[in-house]
Every structure is written in C-alpha cells, then in structure tokens.
Amino acid sequence: MTRLLISLRRFALYRGLLELYGRSPLLRLILVAIIPVLWIGATNITPLFQMVEISFYDRYPVPQGEPIEWTGRHYATFFERPLYITAFLRSFIFASLATIVTLIVVFPVAYYISKAAPKNMRTRLLLLVVAPFWVSEIIRSFAWIVMLANRGAVNSFFSLIGMPGTPFDLLYNNVSLTIGVVYLTSLYMLLPLYAALEKIDDNLLEAAANLGAPAWQRFFRVVLPLSREGIVAGCTLVFLLVIGLYAMPQLLGGPSNTLFASTIGQIFSKAGDSWPLGSAFSIILTGSALAYVGLFVALFQRKRRGRAA
Amino acid sequence: MKFLRRLALPGLFWLFVAYMFLPLAVMAAMGFRDSNFVAFPIQAWTTQWYREVLFDRDILASLWLSAQVALLSTTISILVGLPVAFLTARTSGLLRGALVALVVLPAFLPVVVSAIALRIFIGRIGLETGMLAIAFGHAVASMPFVVVMVLTRLNSMGQNMADAARNLGADDLIVLFRIVLPYLSPALLGAFMFCMLLSFEDFVRSFFLGGFEQTFPVLLFSRLRFGFDPGLAAISTIILIVTTGFGLYAERFIRSRRLGRDTSLSATGKTND
C-alpha cells in the first residue's frame, strides 16, 4: 500500500493534489466533511422533514396535474377518534410500566453481578447473562409462544402436576406481552445498570455500614443515588425501544389491545392514500415520546443537582 | 443483609438466567418433536426437522437475502461512519454537540417511525422496495454505532504517531492508510460485527422497506402469524446458536473500554491531546 502511494507521487497531478490538500485548510475541511454532511442530510434529516411535510398533505401521492392541498385534518383525526387516543395512551402507559418492571427485574441481577458475586466470577456471570443479547425479537416471541400456548410448555407442566382447569389462556394478553417485552428489553437495561453499579466504590458501602446504616438505608441513600445515571440511561433506552415495538405486540399481545406503533404500521401497510395520516401519527408519537423521555431525564438531573448543592 | 447476600441475590440471579435461557431451550427441544404441530408434551423425537429446514427453499432464500443485506449495509455504514467520525473528532464545543446529536438521531426515534420515514424517503428518490432499500435502511440505523465506536478509539490515539510519520516523509494518504486505519482496526472490526448482527436481527426496517422480499426475521414473522411447525423451531434454534456465537465473539471487540484502552504504541501519544 505504501509503495503504491509513494509511486503515485511520480504523477504530477497527484503531487499537485496532495500539495493543494496540504495547503488549503478549506479544501481539507470540504473533503472531510462532504460525505458526512451529504449522508446525514439525506438520511437523518430529510426523511423526517418529508414526513412532516406529507403529514400536512391532503392526499399522497398527489394526483398528477393537481395542486398540493395543505391541511391539518390528519392531526385533527387523532383527537377526534377515541380509538386512536386510547391506543396512544395505552402505548405510553404500557411502555412506562414495562420499563418499571424491567428495572425491578434487572436491578438485583445487575447488583449481584457487579457487587455481590465473587470477584473472579463477575465477568463470566455477565457474559452468561448477556449471551442471548443478539437473539432477535421475532425468535424471542416465538420462544414465548412455545412456552405459553394452550399446548405449550407451561400448560403442559401444569396439567402434568395435575392442576385443575388446564389449559389456561396464557397467550395473547397483556401479561404474555409484558413477559415477552421484559424478556427483550432486560439486557438493554442490564448493561447501563451494570456499568453504573460497578463504578460505586465498595468503601462507600462499608463506610455507611460502619456508621450504622442498615441495609435498606445503604441501598436507598448510597447505592440508588450513585446508580442514578445508569437507571436513567437504561430506562430511556428501554422506553424508546418499547414505544416503537411493532412485531412483538402482534405476536404475543391481545387483538383488542393495539398499541400505537401497530396502529401506525397498519395505516402504512394499507394503500398510499392513508400515508399523510400515518405520517401525522408518526410525528405525534415521536414528538410525545421524545418530550416524555426528555422530561424524565431533566427531572432526574435537576434532582441530582439540587442534592449536590 | 447476610440473608440477602447469601441467598436472595444469587437466587434472583439464577432465576433471571432461567428466564433468559429456559424459553430458548424449550424452543430448541420443540425442534425435535416428531409431529407436524408445535405442542407439548413431546412423546416421539426426531432430528428430521433440523435436517429438513436446511433444504427449505423459502428459508434459504430469506437467509441469503439477510446475508446480502447485512454485508452491504455494514459496508455502507462503515464507509460513511469513518468520515463522520473523522469530522466529529475535528469539531469541538457546540458544533460537536450538534453534530453528535444529528448523528445519533436515528437511534432515538421509535423504530416504526424511522422505518416509515425511510419508506417515504426511498419512494421520493425513486428507489424500489427490496434488497437495496433494506440495506440502505440498515446502514442508516447502524451508522451511529460505527461513529461512536470509531470515535472512542480515535480519542485514545493522540497526534504523535501521525506527526512522527509526517516527519518521516509520509503524506496524508499514507498516514491515513498506514497509521490511522491500522490503529482503528479493532474498532472497525467491532463495528463490522456489531452492524452485521444489528442488520441480521432487524425486523421492522426489513418489513417496511422489503416489499415482497423477505429477510429471515420477516419470513419468520409471517410464518408465526399463519401457521407453523416444529421446523420453524429448528431453524430458529440454529440461527440463535449462530448469532449468539458470533455475538459472543464480537463482544470482545465491541466493549468501549477495550477500544479506549491504549496499546503500548499510543501510550506516548496520550499526553498530546
């Protein structure tokens, strides 16, 4: 490679370009910035703006030869139909609850791996738990279908031990969906929690113990405040993940408990005419989700500063 | 506390491990059931499903599509992510903050929204749904992770090595190919595997951008909704084992602490930044 690049220097044009590149800071900047600016502009920004634009179209695609009609009626639709508002609220409540459940399930696990387990085992235990991290959402859903179906593993176990009333309807309701969602999100919660808990100095816990703090106080006054950043990061991650879930609610959830992301998805899999409606709903979902998460983060940060002062 | 330390915490931990692995083990077992239906108890066992799925045309086609998409999207996101990381490394202050925010934006959108926005976008630029569109969508989704991993590594590099090379007569291209890229190689390798996995397991983007072309997760999704047999459990188990192995191997490259760790070469360069 070096040899090739050196032999290239024999050509005056190449030398000239190198020279120019070395001399002109502007050219350097342009060369470094051109791909990033174009790509980010095209992929990260433009699609969102187009979505906003289309959400105000009366119809999309616009029929040939007709002028674009602008309207806000798709946003109005959201507020007029209880069906949509219910799905929207249900999404936020479900995502919040799923986040809290994930936190409660994962916190002791993260605490055990980072603090309580024997030191030489910690890396291995972490690796064991994060091993299934890359199993996809669909395969995870499938695994829980096999577990919870009417003739699934759990019901089969129940009838084996002679429990009356089997098979139970375990699948296609909010409980099965929550089990599946927590199954999916817990590793996203685990990693930030582990990182935060691992950083806590063991001496602090010892000092608190020596000063007479009982276990619950050490937990609430030392461990919890010091792991706040991990909790916030994990909860943010998990909430945003759950609010955008599309496949798992359809595979594990009940038919009457549609979440807003599924509503949006279904609007888009229909004909092009309903795209403006779907765009408007997407904007509503994104805006509210980011505002909700932003508020959550801001609340936590202010609290921390207040305490430090 | 003693009780908590000795029993409750380890108990909860192993309960969690069971929660993670039991459903997967049950699914793997289901793949051995000698029947056309997914149901318990398993009375007769067979390895037929595990053998047959390897010749199922639809599944093979979807896996081939997934592999193509993964490779293409990973290549794109690394080729784009590198310059983005270089640019970000050169900025500072507010500009850097704004740039980073724009770069990571796709990772914070609800997945459905991001997929649909891209669906509208490709329609406008005239790209048909299908393999290229999926690869494009995955590249958009994974680029932020490439940037973050490369940046972490870049931050530990310092200026000395590049300066030394320049003093010895290397031009900027030689510095890029012989100094910077080799130094970044662990991060690039990590990013490569991370993006491959991310692409391979993605459902929503593939679903909305694929049209009639189905990647493996999309095929699995449609079969799960419209009737399935133990063969599906078998192929899922095979995929699960492959991706988990790949993921565990990739893990050593992905963790940021390792990327940020100085090698002996760069230790001298640290003082300079």
Side-chain angles (χ1 to χ4, degrees), chain A residues 1-2 5 18 21-22 32-33 35-36 39-40 43-48 50-51 54 105 108-109 111-113 116 127-129 131-139 141-147 151-153 156 183 215 240 243-244 246-247 251 261 264-265 268 275 278 282 285-286 289-290, chain B residues 1 4-5 9-10 12-13 16-17 19-21 23-24 26-27 30 38-41 80 83-84 86-87 90 102-103 105-106 108-113 116-121 124 140 171-174 177-178 197 201 203-204 208 217 220-221 224-225 232-233 236 239-240 243-244 247-248:
Chain A
M1 192 80 203
T2 322
L5 288 172
L18 269 183
Y21 177 79
V32 175
I35 297 179
W39 178 268
I40 293 172
T43 66
N44 293 10
I45 303 170
T46 315
L48 282 180
Q50 283 180 341
M51 200 170 216
I54 286 176
V105 167
V109 177
Y111 187 83
Y112 176 72
I113 302 174
L127 223 61
L128 171 73
V129 176
F133 185 84
W134 286 108
V135 180
S136 76
E137 183 188 343
I138 313 292
I139 293 185
S141 307
F142 186 21
W144 279 104
I145 291 176
V146 177
M147 285 292 277
R151 294 189 60 193
S156 165
Y183 188 62
L240 287 175
I243 204 82
Y246 179 73
L251 293 172
I264 295 176
F268 270 89
W275 282 24
S282 298
L285 177 67
T286 312
L290 291 183
Chain B
M1 197 63 193
L4 212 64
R5 234 166 228 280
L9 273 176
L12 285 175
F13 173 80
F16 183 76
V17 171
Y19 176 49
M20 283 290 116
F21 287 94
L24 301 176
V26 164
M27 185 179 73
M30 182 49 66
V38 170
F40 278 93
V80 177
V84 173
F86 288 149
L87 181 69
R90 288 190 178 199
L102 282 181
V103 168
L105 181 67
F108 283 93
L109 297 178
V111 193
V112 174
V113 173
I116 287 168
L118 286 172
R119 174 71 191 82
I120 294 173
F121 179 74
R124 281 226 165 159
V140 173
D171 56 52
D172 283 326
L173 268 180
I174 296 182
F177 282 111
R178 293 305 302 272
L197 288 164
E201 72 141 29
F203 167 77
V204 176
F208 283 104
L220 190 59
F221 176 78
L224 283 181
R225 301 195 73 191
L232 221 50
S236 297
I239 297 298
L240 147 84
T243 47
T244 301
L248 280 179

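Note that the coordinates shown come from a computational prediction; the quantities given were computed from them, not determined experimentally. Each chain gets a letter, A, B and so on, in the order the sequences are listed, and its residues count up from 1.
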Sort out for me which of [options] touches chain B most, counting heavy-atom pairs under 4.5 Å.
options	result
A/N44, A/V146, A/L240	A/N44
A/I145, A/V105, A/V129	A/V129
A/I45, A/I35, A/T43, A/L285	A/T43

Between [atom1] of [X] and [atom2] of [Y], what distance do you get to the nearest 0.5 Å?
X	Y	atom1	atom2	answer
B/L220	A/S141	CG	OG	8.5 Å
A/F133	B/L197	CZ	CG	9.5 Å
A/T46	B/R124	OG1	CZ	10.5 Å
A/I54	B/I116	CD1	CD1	11.5 Å

Can you see which heavy atom on [X] is nearest to which on [Y], and at what distance?
X	Y	answer
B/V112	A/G265	CG1-N, 4.5 Å
A/W134	B/G247	CD1-CA, 3.6 Å
B/L248	A/A131	CD2-CA, 4.0 Å

Taking side chain as everything from C-beta outward and backbone as N, CA, C, O, which of these in A/I40 sits under 4.5 Å from a heavy atom of chain B? Side chain, backbone, both or neither.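 For A/I40, the side chain is the part near chain B, not the backbone.
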Under 4.5 Å from any heavy atom of chain B - which part of A/L128: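 When you check distances to chain B, atoms from both the backbone and side chain of A/L128 fall under 4.5 Å.
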Is there side-chain contact between [X] and [Y], with heavy atoms separated by less than 4.5 Å?
X	Y	value
B/R119	A/W275	yes
B/P83	A/V32	no
A/P108	B/F13	no
B/L24	A/P132	yes
A/F142	B/L232	yes
A/V135	B/I239	no

Using 30° and 60° as the class boundaries, would you call the ring planes of A/Y183 and B/Y19 parallel, tilted or perpendicular?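 Correct class here is perpendicular.
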Can you confirm whether or not the ring centre of A/Y246 sits under 6.0 Å from the ring centre of B/F208?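 Judged by ring-centre distance (under 6.0 Å), A/Y246 and B/F208 do meet the cut-off.
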Heavy-atom distances under 4.5 Å only: say whether [X] touches chain A with side chain, backbone, both or neither.
X	answer
B/F203	side chain
B/I120	both
B/V140	both
B/M20	both

Residue, of [options], that accumulates the most heavy atom pairs under 4.5 Å with chain A:
options	value
B/P23, B/A117, B/P110	B/P23
B/V103, B/I174, B/L240, B/V17	B/I174
B/V80, B/T243, B/L12	B/V80
B/L118, B/L224, B/V26	B/L224

Residue pair A/I139, B/E201: steps toward the side-chain contact (heavy atoms from CB on, under 4.5 Å) verdict: CA-CA 9 Å; A/I139 293 185; B/E201 72 141 29; over 6 Å; no
